[in-house]
Asks: 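This is the structure, below, for whatever I ask next.
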Amino acid sequence: MIEILYIALVVFGSLLVKEFLDLDRLKEDRDYIIKEVTQAQKDITNLNRAVEFNTRRLNSLVIEVNKLQTSKVITIDNVELPKDFGKVETGEIKVNNLHDGHYKALGIEPWDILKANMTYEEYKGFLKGNIQKYLHRNKEGLKDYEKLANYANKLVKEVSEHDNNTNNNG
């Protein structure tokens with residue numbers, strides 16, 4: 001009889017040890033789940049902050065776009081140009097042929113000569129300076145605005161090409 005009691009005690013002890021081990025594993029699982037839930041709550045809080053920030057940013061961009069749509073000027077590198085000069089077709093302001101006879105004799109565009117002898121920033125400054133000149137000059141009326149448009153087109157083209165080259169090489 002003592003042997004049966006001893007065997008029963010060993011079996012009962014084994015079951016108790018197994019239950020304690022399972023209880024420890026359950027506690028570890030609970031702690032892991034609590035840790036993961038806490039991290040998920042932090043992540044949700046950060047995502048909500050990011051959504052709020054980007055919503056404010058988007059709203060301010062919408063306001064800026066609306067201002068641009070109602071504006072009477074176009075700004076290129078801090079140079080304001082009247083929106084109503086020239087005709088806009090495919091993103092470029094179309095102007096009459098501005099080449100006077102003395103340019104034809106050169107066989108090369110004067111601004112191409114200047115571009116070859118200037119840094120990018122110097123050349124951009126040259127174009128911006130001519131935009132300002134024709135914006136404020138009233139010597140030849142519409143022809144001055146056409147020249148302004150010509151320089152503005154060239155500036156946009158140069159800046160776009162420079163940005164594309166910089167992005168592709170950077």
Side-chain angles (χ1 to χ4, degrees), residues 1-95 111 114-116 118-132 134-135 145 148-170:
M1 178 86 171
I2 291 184
E3 292 173 356
I4 294 177
L5 283 174
Y6 178 73
I7 293 172
L9 187 60
V10 169
V11 169
F12 181 71
S14 297
L15 290 173
L16 278 176
V17 169
K18 183 177 182 268
E19 287 302 315
F20 282 124
L21 290 176
D22 285 345
L23 185 61
D24 285 343
R25 192 169 7 126
L26 288 173
K27 286 179 182 176
E28 288 173 7
D29 290 347
R30 181 201 65 201
D31 292 344
Y32 176 77
I33 290 170
I34 290 171
K35 180 182 169 187
E36 290 297 311
V37 167
T38 302
Q39 183 60 47
Q41 288 171 334
K42 289 178 184 177
D43 291 344
I44 289 170
T45 300
N46 289 335
L47 286 171
N48 285 335
R49 286 182 186 146
V51 167
E52 288 173 20
F53 172 78
N54 286 324
T55 300
R56 286 192 305 268
R57 189 167 159 219
L58 177 63
N59 288 339
S60 68
L61 289 173
V62 167
I63 290 168
E64 289 300 314
V65 166
N66 289 337
K67 284 180 187 175
L68 287 174
Q69 289 175 341
T70 59
S71 175
K72 300 223 185 264
V73 295
I74 299 169
T75 303
I76 299 173
D77 281 342
N78 296 323
V79 176
E80 289 189 350
L81 307 172
K83 234 185 189 180
D84 58 351
F85 71 87
K87 265 188 168 177
V88 176
E89 295 176 17
T90 65
E92 185 173 309
I93 299 165
K94 301 296 184 191
V95 295
W111 59 26
L114 292 167
K115 181 179 179 181
M118 294 179 166
T119 65
Y120 166 74
E121 289 299 324
E122 290 170 334
Y123 185 61
K124 192 167 82 167
F126 158 75
L127 295 172
K128 287 167 57 176
N130 277 292
I131 290 169
Q132 284 290 331
Y134 290 113
L135 178 63
Y145 286 117
L148 181 151
N150 207 20
Y151 279 101
N153 286 334
K154 187 68 169 172
L155 177 63
V156 168
K157 180 181 175 199
E158 291 297 323
V159 170
S160 294
E161 286 176 4
H162 181 267
D163 288 352
N164 285 340
N165 290 339
T166 302
N167 290 337
N168 291 337
N169 296 331

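In this text the structure is predicted, and so the values were computed from the model without any measurement. Below, each value reflects all heavy atoms present in this structure, side chains not excepted, and no hydrogens, waters or symmetry copies.
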Asks: Please name the residue in the list K35, E36, K42 that meets the side chain to side chain contact (heavy atoms under 4.5 Å, CB included) test with T38.
Replies: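 Considering K35, E36, K42, a side chain to side chain contact (heavy atoms under 4.5 Å, CB included) with T38 is found only for K42.
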Asks: Between atom CG of L135 and atom CG of N130, what is the distance when rounded to the nearest 0.5 Å?
Replies: 12.0 Å
Asks: Can a side-chain donor-acceptor contact be found between Q39 and D43 if the only test is distance below 3.5 angstrom?
Replies: yes
Asks: Should H162 and K124 count as side-chain neighbours, where that means a heavy-atom distance under 4.5 Å?
Replies: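 Heavy-atom side-chain distance check fails, nothing below 4.5 Å.
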Asks: Do the ring centers of Y151 and W111 come within less than 6.0 Å of each other?
Replies: yes
Asks: Would you give the length of the straight line joining atom CG of N153 to atom CG of L148, rounded to the nearest 0.5 angstrom?
Replies: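 The CG atom of L148 is 9.5 Å from CG of N153, to the nearest 0.5 Å.
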Asks: Once you round to the nearest 0.5 Å, how far does CZ of R49 lie from CG of N54?
Replies: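 The CG atom of N54 is 14.0 Å from CZ of R49, to the nearest 0.5 Å.
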Asks: Tell me the closest heavy-atom pair linking Y120 and E158, and the distance in Å.
Replies: CE1-O, 4.1 Å
Asks: Can you tell me how far the CG atom of L155 sits from the CZ atom of F126, to the nearest 0.5 Å?
Replies: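 Between atom CG of L155 and atom CZ of F126 there are 11.0 Å.
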